[in-house]
Amino acid sequence: MGLTEFWQDYGVDLPKGNIDLDTLFVKPQEVVLEVGFGNGDSLLEMAMKMPDKNFLGIEVYEAGIGRLINEAHKCQLSNLKIIQADAVEVLTDHIENDSLSRFQLFFPDPWHKKKHHKRRLVNGDFLDLLSQKIKQGGGIHMATDWEHYAIQMMDTLKSHPHFKNTQSDPIYSPRPDYRPMTKFERRGERLGHGVWDLIFTNEKIL
């Protein structure tokens, strides 16, 4: 239902070139891009709590997209839009350079088998792409509950010339108030599982 009935209000049909982020939303504001929002609960909560920012979510799974669109409609949000497509393709072909105030990647697929590590989204090429799209001084925020992936994220971010840790290297960040704690995360916390947040800024013009 969500994909058809309310898609025209919340869905983004990709243009041939860049998306005009200023006209995409009701009000031109800072844009936060989140990739892989899952069922959309935390992205919805952030959009509700921060009406002074525009949120753009990218996801490939229809169930999560439909659910988020339906919830956004119930809440009558005007600062949330959804793209159903591959994140790298969207960033490469449809997002203007220096246009994002923050990039978010929360609990991505860890591809925990060693032979699948190359499928992980976070690598040097992906950070090169992000450094072009995020404004100078803008943020990148990643979170994972897989320690091995957290270490790889930290190493990759730390070694990139444009990103600077908001904590002292190589220290992970406390979960900021703006990132809602998911049910899955609460359950993991009760079981003693760790969660690692990494918050860096884009300092490409030094």
Side-chain angles (χ1 to χ4, degrees), residues 1-62 64-106 129-143 162-163 166 173 175-182 197 199-205:
M1 179 193 276
L3 283 187
T4 53
E5 195 178 350
F6 307 124
W7 178 259
Q8 62 184 24
D9 298 326
Y10 293 99
V12 179
D13 295 315
L14 293 171
K16 280 189 176 165
N18 287 334
I19 298 165
D20 187 339
L21 295 174
D22 283 341
T23 60
L24 182 64
F25 296 91
V26 172
K27 282 196 290 186
Q29 303 180 129
E30 286 193 343
V31 177
V32 177
L33 175 70
E34 181 168 332
V35 165
F37 55 74
N39 67 11
D41 285 351
S42 66
L43 184 54
L44 180 79
E45 191 175 327
M46 280 187 281
M48 289 169 67
K49 287 183 173 174
M50 290 182 271
D52 59 331
K53 288 183 168 52
N54 289 328
F55 289 85
L56 184 59
I58 302 178
E59 179 58 83
V60 290
Y61 297 110
E62 284 199 2
I65 293 169
R67 176 190 160 99
L68 179 55
I69 286 177
N70 282 329
E71 293 302 313
H73 172 75
K74 283 181 201 169
C75 301
Q76 290 296 292
L77 292 180
S78 62
N79 65 331
L80 178 64
K81 295 285 183 179
I82 310 300
I83 297 172
Q84 183 180 23
D86 173 75
V88 174
E89 180 192 321
V90 173
L91 280 160
T92 304
D93 298 334
H94 304 291
I95 300 294
E96 202 172 326
N97 287 352
D98 302 306
S99 63
L100 304 174
S101 67
R102 187 166 72 235
F103 171 84
Q104 299 180 167
L105 181 71
F106 300 149
L129 180 59
L130 287 181
S131 75
Q132 295 170 24
K133 306 302 172 179
I134 300 169
K135 293 175 180 176
Q136 161 70 7
I140 180 167
H141 182 184
M142 300 180 182
H162 295 162
F163 291 109
T166 56
S173 297
R175 180 181 64 82
D177 291 340
Y178 68 76
R179 181 175 79 73
M181 187 178 271
T182 63
D197 282 81
I199 304 177
F200 280 64
T201 51
N202 194 19
E203 306 290 348
K204 52 191 168 182
I205 306 166

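Please read these numbers as outputs of a predicted model, since none were measured by experiment.
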**Test side-chain contact (heavy atoms from CB on, under 4.5 Å) applied to M48 - qualifying residues, sequence neighbours left out** = L44, C75, L77
**Asked** L43 and G57: which non-hydrogen atoms are nearest, and at how many Å?
**Response** CD2-CA, 3.9 Å
**Asked** Rounded to the nearest 0.5 Å, how far does CD of E34 lie from CZ of F106?
**Response** 5.5 Å
**Message:** Tell me if a side-chain donor or acceptor on N54 pairs with a main-chain N or O of F25 at a distance below 3.5 Å.
**Reply:** no
**Request:** Identify the two heavy atoms, one from S131 and one from N202, that lie closest to each other, and give their separation to 0.1 Å.
**Result:** O-ND2, 3.0 Å
**pair L68-Y10: side-chain heavy atoms closer than 4.5 Å** = no
**Request:** Count the heavy atoms belonging to other residues, nucleotides or ligands that lie under 6.0 Å from CG of D177, then report whether that count exceeds 12.
**Result:** no
**Message:** Just verifying a value: how many Å separate E30 CD and K135 NZ, rounded to the nearest 0.5 Å?
**Reply:** 5.5 Å
**Message:** Can you tell me how far apart CZ (F103) and CD1 (I140) are? Round to the nearest 0.5 Å.
**Reply:** 6.0 Å
**Fill in**
All heavy atoms of A85 vs all of I58, minimum pair found to be O-CG2, 3.4 Å
**Prompt:** Can you name the salt bridge (charged side-chain N to carboxylate O under 4.0 Å, His left out) partners of K133, sequence neighbours left out?
**Reply:** none
**Fill in**
All heavy atoms of I19 vs all of P15, minimum pair found to be CG1-CD, 3.8 Å
**Request:** Using the test ring pair (Phe, Tyr, Trp, His ring centres under 6.0 Å), find all partners of H73 that sit at least two apart in sequence or belong to another chain.
**Result:** F6
**Message:** Under the rule for salt bridge (charged side-chain N to carboxylate O under 4.0 Å, His left out), what residues qualify as partners of D98, not counting sequence neighbours?
**Reply:** K204
**Whether N79 side chain and M50 backbone form a donor-acceptor pair below 3.5 Å** = yes
**Prompt:** If we only count heavy atoms from C-beta on, is the K53 to Y178 side-chain gap below 4.5 Å?
**Reply:** no
**Request:** Return the set of residues passing ring pair (Phe, Tyr, Trp, His ring centres under 6.0 Å) with F163 (not counting sequence neighbours), or none when no residue passes.
**Result:** H160
**Item:** Partner set under side-chain contact (heavy atoms from CB on, under 4.5 Å) for D20, not counting sequence neighbours
**Value:** D22, T23
**Message:** Could you measure the distance from the CD1 atom of I83 to the CG atom of L91? Nearest 0.5 Å is fine.
**Reply:** 8.5 Å
**Complete:** S78 meets the side-chain contact (heavy atoms from CB on, under 4.5 Å) criterion, sequence neighbours left out, with V26
**Message:** Closer than 3.5 angstrom, by distance alone: can the side chain of T166 be matched with the main-chain N or O of F200 as a donor-acceptor pair?
**Reply:** no
**Fill in**
The salt bridge (charged side-chain N to carboxylate O under 4.0 Å, His left out) partners of K74 (sequence neighbours excluded) come to E71
**Spacing of CG belonging to L130 relative to CG belonging to L105, to within rounding of 0.5 Å** = 9.0 Å
**Message:** My understanding is that only residues two or more places apart in sequence, or in another chain, count here; which of them pass salt bridge (charged side-chain N to carboxylate O under 4.0 Å, His left out) with E45?
**Reply:** K49
**Message:** Per the salt bridge (Lys or Arg N to Asp or Glu O under 4.0 Å) rule, what does the pair list look like for residues 79-88, sequence neighbours excluded?
**Reply:** none
**Distance, nearest 0.5 Å, that separates CG of L21 from CD1 of I95** = 5.0 Å
**Complete:** Nearest heavy-atom contact between P180 and M46 is CD-CG, 3.7 Å
**Request:** Just jot down the side-chain contact (heavy atoms from CB on, under 4.5 Å) partners of Y61, sequence neighbours excluded, or say none.
**Result:** E59
**Message:** The test is side chain to side chain contact (heavy atoms under 4.5 Å, CB included); show your working for E203 and H162 and say whether it passes.
**Reply:** CA-CA 5 Å; E203 306 290 348; H162 295 162; over 6 Å; no
**Request:** Measure across V31 and S99 and return the closest heavy-atom pair with its distance rounded to 0.1 Å.
**Result:** CB-O, 4.2 Å
Side-chain donor-acceptor contacts of residues 35-42 below 3.5 Å, not counting sequence neighbours, with atom names and distances?
| unit_1 | atom_1 | unit_2 | atom_2 | d |
| --- | --- | --- | --- | --- |
| N39 | OD1 | D41 | N | 3.0 |
| N39 | ND2 | D41 | OD2 | 3.4 |
| D41 | OD1 | R67 | NE | 3.3 |
| D41 | OD1 | R67 | NH2 | 2.7 |
| D41 | OD2 | R67 | NH2 | 3.1 |

